[in-house]
**Student:** 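The structure that follows is given in the form of structure tokens.
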Amino acid sequence: MDPKLHRSDTDVNRRSSDDIVVTGIGVVSAFGIGREVYWKGLSEGRSAIRELELFDTTDHRTKLAAWIDDREFEYPFLSPLQRRRTSRADRFALLAAREAVADSGVDPSMLASERAAIVLGSGASGLFEAEEWFKEWIRRGRAGRPSRLINHFSDAVADHVAQHFGSQGIRLTVVTACSSSAAAIGQAGDLLRSGLADIVATGGSDVLAELTYAGFNALRVVDPEPCRPFDRNRNGLTLGEGAAILILERRESAEHRGARIYCRLAGYGLTADAHHMTAPEPSGRAAARTIFAALEDSGLEPAAVDYVNAHGTATVHNDRAEAAALLLAFGERAKRHLAVSSIKGAVGHCLCSAGGMEAAATALAIERSCAPPTVNYQTPDPECDLDVVPNHSRPMQINVALSTSFAFGGNSACLALTAP
Amino acid sequence: MPRSDRPMMPLAITGVGCVSALGHSAEEVLDALESGRSGIEPLPADEMQGCEARLAARVNEFDSTAYLPAMRARRLERASIFAVAAVQQALRHGDFPDGDERHERLGLVLGTSSAGSVPLTTFLAAAFESSPRDAPPSEFPNTVANAPAGHVSIELGLRGPSTTFTQKQSVVAPALLYSQLMIGSGRCDAVVVGATDEWCEVYQRGYEQLKALRIQNGRASREGIVLAEGAATLLLESEVLIARRSTRPLARLLGVAATSSPGPPHHWVNDPDALARAIDQALHRAALAPADVGSVWLGANGISSLESMEAKAIARIFSDHPLAATGVKGALGEAAVSGAASVALAALARRRGRLPAFAGTPAIEWPPSVRVLKSPSALPAGATLVLTYGAGGTFGAVLLG
């Protein structure tokens, strides 16, 4: 069966004039706080992967992560009580959201409107803190401090961001594992296109927790060394954490304000693999359907795509399946003339915030005419025969870029971003 | 109120599914509600030592083999099993055609407030009791909240757009809103939308510590919610699609709105304006006036301040316009699934032309214009409104016709 998707004749609400644009970007990554720190690290081909100090890693296969050392972070906008009652994931999201709002130039009061939506991808949320409660319960049979529990649910991050800005519009948390924040960005675009919102803060925030670290170790999909996406000797992923928030709005409102436009969210694709909870569909056909869905939604031809910010987790099977998908979608061009990079060698696999981190990197790549590199790429893999951007940035005009995300549960997402 | 959005394209609700403490199909659950039964039961004292809040609405004696082979069911956590069952029920109820092409054009939108909680606590218990090396790898993939959607896709071969949302108890409203956008924009022809939840002992204890749960025993009582589990789903289709196969819908989804009011994640936010805005927006999207609504399924979950808020919001929009009112949470408990069950059962009740009595006892004295049903009643003329609200300050309104 042709993996392409075909839109049906029920396309009644879509308006061709609905252009959704990115006007603000905020990032907290293992490189530190801020969009520019993030881009500098990525574009210089550095890696933020190092020995993890958030919790004990003695019993794990790997000791590494692209983790955020927030011990010196300051949050002057939070009272001491608010600081105690927020999780790391909440605080990173707040830092990123505040940077994104400032970057977009919108009056923060706009975010307090009932026409402002908060649509975030999240997963572990306050689990890192809640694990203290669980430890007390499991090891000592008594309940820990209740304040450790209040942010346990994945939607707490969106609650805190909404509370910070006073938002009264649609609030939504997307939890599709590693595609969460990519899906959130696409869905945020739909809210703007349909007129249900005028501005959306979207993206995601996710942090390391003992559960996720132990889980990926238990599945034996982590590399004891820093991960090497698409490399022949790749041996698994390296976990990361971070937050990336994008401000999306309609072009007319951005232009009316005279805002800088990073790029346009041309469309997105969401599909289900219906294959396996953790393993990718090996032929690449399922992932190719996601890419075709994004292209079709965007009205773009495969030949128009200049750059793909790949999911590229660096597990043997995922990278092979993604390479197969890119070959299905782009043919022989994918081998030599379609720049592909994975930033996971730099900032690790940030799980539910990965799609947002990668969308932010892709938007910056478009704006700065520069494809960030795939760090730690040394040996080409014939089974991933792609035009991988190795270790050093590639200056290039990028008019059309895709950002792919594939997740547990077979929840796949692909964003199509274009030059403004 | 500013409105730059447009009226919604109505969608047909052609099938519903429900697995809950009151029964294992939507028909069973509605029958049980009509007969005044409650699914809320005390938890065994020996299971819950040290926990004063011992009420829950758990699914009992559910036979999953009608929906998936026993070998496969063993690999799934309860929220996924319930979801697989409820999605199949909705598809069968709606007589949705089988086939690969259909399954690529069928979307799946699930909400949850607890999926993954049992595998998560099982995995952590093993890791913290001894060593992470002893944590069972097979539990880990099911700790993600989208595990139910993943398992549904795998078991039923659904390959269309799939997503999972959380926003606590009111998540069904944005889930329906997004489903409408997916069909309206042509991403898919039909969507199975709903929610699924599983009861988890550790979460019961956590909620208890946050003083969020109802206590009702000989020595003490406290207002609060009762945790629910189960799954509830609706099959939404475009009118174009059902016209091709002469299907008669149970009801139509006329309008949906989701609003919010700032608040910390663990607090119920008492904001009648935010709920009134949701009702107003849903009416606008349905192109209806308040006088066009005849009945309401309340979000009432046993907390009197929230019920007062709901009464104020209704009064603000409907003034003295009479409404027949019912509600399910006094029998089904509270979770994301309860909001989805309210919508699914409201659709089925429209087909039956009857409303069940309000489950349990209202926590406030309602004004005379809101006739809280003490026994099953004929469905009044007009559209049906379903209300939801969630901790952290999210609100939803759904209009069915």
Side-chain angles (χ1 to χ4, degrees), chain A residues 1 5 7-8 10-14 59-60 85 114-115 123 131 134-135 137-139 143 146 149-151 153-156 159 162-163 166-177 183 187 190 194-196 210-211 214-215 217-219 270-272 274-278 408-411, chain B residues 2 4-6 9 100 105 120 123-125 127-129 131-133 135 137 140-141 143-147 149-150 153-154 157-168 174 178 181 183-186 189 202 205-206 209-210 238 240 258-266 274 277 392 394:
Chain A
M1 188 191 307
L5 292 178
R7 191 175 291 287
S8 76
T10 58
D11 191 356
V12 295
N13 275 6
R14 206 165 179 79
D59 284 345
H60 294 297
R85 292 203 167 170
E114 59 196 58
R115 304 281 310 155
E131 282 171 347
F134 289 125
K135 273 183 198 166
W137 169 247
I138 288 159
R139 291 180 179 164
L149 273 186
I150 56 179
N151 299 309
F153 293 109
S154 52
D155 36 37
D159 289 340
Q163 192 180 13
S167 306
Q168 299 178 72
I170 295 167
R171 189 192 310 167
L172 187 55
T173 300
V174 184
V175 280
T176 53
Q187 289 158 350
D190 278 350
S194 63
L196 291 171
E210 293 193 59
L211 172 92
N217 270 277
L219 293 178
L270 289 186
T271 61
H275 174 70
H276 189 272
M277 274 302 287
T278 55
F408 274 14
N411 279 130
Chain B
S4 58
D5 57 318
R6 294 149 280 163
M9 176 180 71
D100 280 353
R105 301 284 312 157
L120 183 147
F123 188 94
L124 284 181
F128 292 156
E129 264 170 8
S131 156
R133 288 184 190 277
F140 181 60
T143 63
V144 294
N146 62 316
S153 297
I154 292 165
L158 307 187
R159 290 183 296 277
S162 169
T163 197
T164 299
F165 294 146
T166 64
Q167 211 58 57
K168 306 198 183 65
Y178 182 64
L181 293 182
I183 295 174
S185 64
D189 298 327
V202 180
R205 293 180 184 279
Q209 202 189 358
L210 294 171
S238 71
V240 177
T259 62
S260 69
S261 184
H266 59 301
R277 265 193 291 120
T394 49

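The sequence lines fix the lettering, A, B, ..., with proteins before strands; numbering per chain opens at 1. Below, all heavy atoms of this structure are taken into account, side chains as well, without hydrogens, waters or symmetry copies.
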**Student:** Counting heavy-atom pairs closer than 4.5 Å to chain B, which one of A:His60, A:Gln187, A:His276, A:Arg85 comes out on top?
**Tutor:** A:Gln187
**Student:** Counting C-beta onward and ignoring hydrogens, is there a side-chain heavy-atom pair between A:Phe134 and B:Leu120 closer than 4.5 Å?
**Tutor:**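 Result yes, sub-4.5 Å side-chain heavy-atom pair found.
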**Student:** Say whether, by atom type as modelled, one donor and one acceptor occur between the side chain of A:Glu131 and the main chain of A:Glu210 under 3.5 angstrom.
**Tutor:**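 Answer holds: yes.
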**Student:** Look at the side chain of A:Asp155 and the backbone N and O of B:Lys168, then say whether any donor-acceptor pair between them is shorter than 3.5 Å.
**Tutor:** yes
**Student:** For B:Ala149, check side chain to side chain contact (heavy atoms under 4.5 Å, CB included) against everything at least two apart and list the hits.
**Tutor:** B:Leu108, B:Leu110, B:Ser162, B:Thr164
**Student:** By side chain to side chain contact (heavy atoms under 4.5 Å, CB included), which residues pair with A:Ala177, not counting sequence neighbours?
**Tutor:**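 By the side chain to side chain contact (heavy atoms under 4.5 Å, CB included) rule, A:Ala177 matches A:Ala407, A:Phe408, B:Val144, B:Asn146.
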**Student:** Out of A:Gly123, A:Gly169, A:Gly409, return the one with the most heavy atom pairs under 4.5 angstrom to chain B.
**Tutor:**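 Highest number of heavy-atom pairs under 4.5 Å: A:Gly169.
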**Student:** Considering only heavy atoms and a distance below 4.5 Å, find which of A:Pro146, A:Gly166, A:Ser154 pairs most often with chain B.
**Tutor:** A:Pro146
**Student:** Can you tell which of A:Val175, A:Asn151, A:Asn411 has the highest number of heavy-atom pairs within less than 4.5 Å of chain B?
**Tutor:** A:Val175
**Student:** Judged by atom type as modelled, is there a donor-acceptor pair below 3.5 Å linking the side chain of A:Thr271 to the main-chain atoms of B:Pro161?
**Tutor:**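 The answer is no, because no donor-acceptor pair under 3.5 Å joins these two groups.
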**Student:** Could you tell me which of B:Leu210, B:Ile154, B:Thr143 has the largest number of non-hydrogen atom pairs under 4.5 Å with chain A?
**Tutor:** B:Ile154
**Student:** For B:Ser261, is it the side chain, the backbone, both, or neither that has a heavy atom closer than 4.5 Å to a heavy atom of chain A?
**Tutor:**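 Contact with chain A involves the backbone of B:Ser261 alone.
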**Student:** Go through the atoms of A:Thr176 and report whether side chain, backbone, both or neither lie under 4.5 Å from a heavy atom of chain B.
**Tutor:**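 Both parts, backbone and side chain.
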**Student:** For the rings on B:Tyr178 and B:Phe165, is their centre-to-centre separation under 6.0 Å?
**Tutor:**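 That pair passes the under 6.0 Å test.
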**Student:** Go through the atoms of A:Ala162 and report whether side chain, backbone, both or neither lie under 4.5 Å from a heavy atom of chain B.
**Tutor:** backbone
**Student:** Pick from B:His266, B:Arg133, B:Arg205, B:Gln209: which one has the most heavy-atom pairs with chain A under 4.5 Å?
**Tutor:** B:Gln209
**Student:** Please classify the contact between A:Arg171 and chain B as side chain, backbone, both or neither, with a heavy-atom cut-off of under 4.5 Å.
**Tutor:** both
**Student:** So which of B:Pro262, B:Ser153, B:Ser260, B:Ala274 has the largest heavy-atom pair count under 4.5 angstrom toward chain A?
**Tutor:**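 The residue among B:Pro262, B:Ser153, B:Ser260, B:Ala274 with the greatest pair count is B:Ser260.
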**Student:** Donor-acceptor pair, B:Arg277 side chain versus A:Gln168 backbone, under 3.5 Å?
**Tutor:** yes
**Student:** When heavy-atom pairs shorter than 4.5 Å are enumerated against chain B, which of A:Ala214, A:Ala183, A:Ser167, A:Gly410 gives the highest number?
**Tutor:** A:Ser167
**Student:** Spell out, as yes or no, whether a donor-acceptor pair under 3.5 Å connects the side chain of B:Arg159 to the backbone of A:Ala274.
**Tutor:** no
**Student:** Please state whether the side chain, the backbone, both or neither of B:Phe123 comes within less than 4.5 Å of a heavy atom of chain A.
**Tutor:** side chain
**Student:** Which atom names give the shortest non-hydrogen contact between B:Ser238 and B:Ile183, and what distance separates them?
**Tutor:**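 So the minimum-distance heavy-atom pair works out to CB-CG2, 3.8 Å.
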**Student:** Non-hydrogen atoms of chain A under 4.5 Å away: do they reach the side chain of B:Leu124, the backbone, both or neither?
**Tutor:**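 Both the backbone and the side chain of B:Leu124 come within 4.5 Å of chain A.
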**Student:** Which region of B:Ala125, side chain (C-beta onward) or backbone (N, CA, C, O), has a non-hydrogen atom less than 4.5 Å from a non-hydrogen atom of chain A, or is it both or neither?
**Tutor:**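 Both backbone and side chain.
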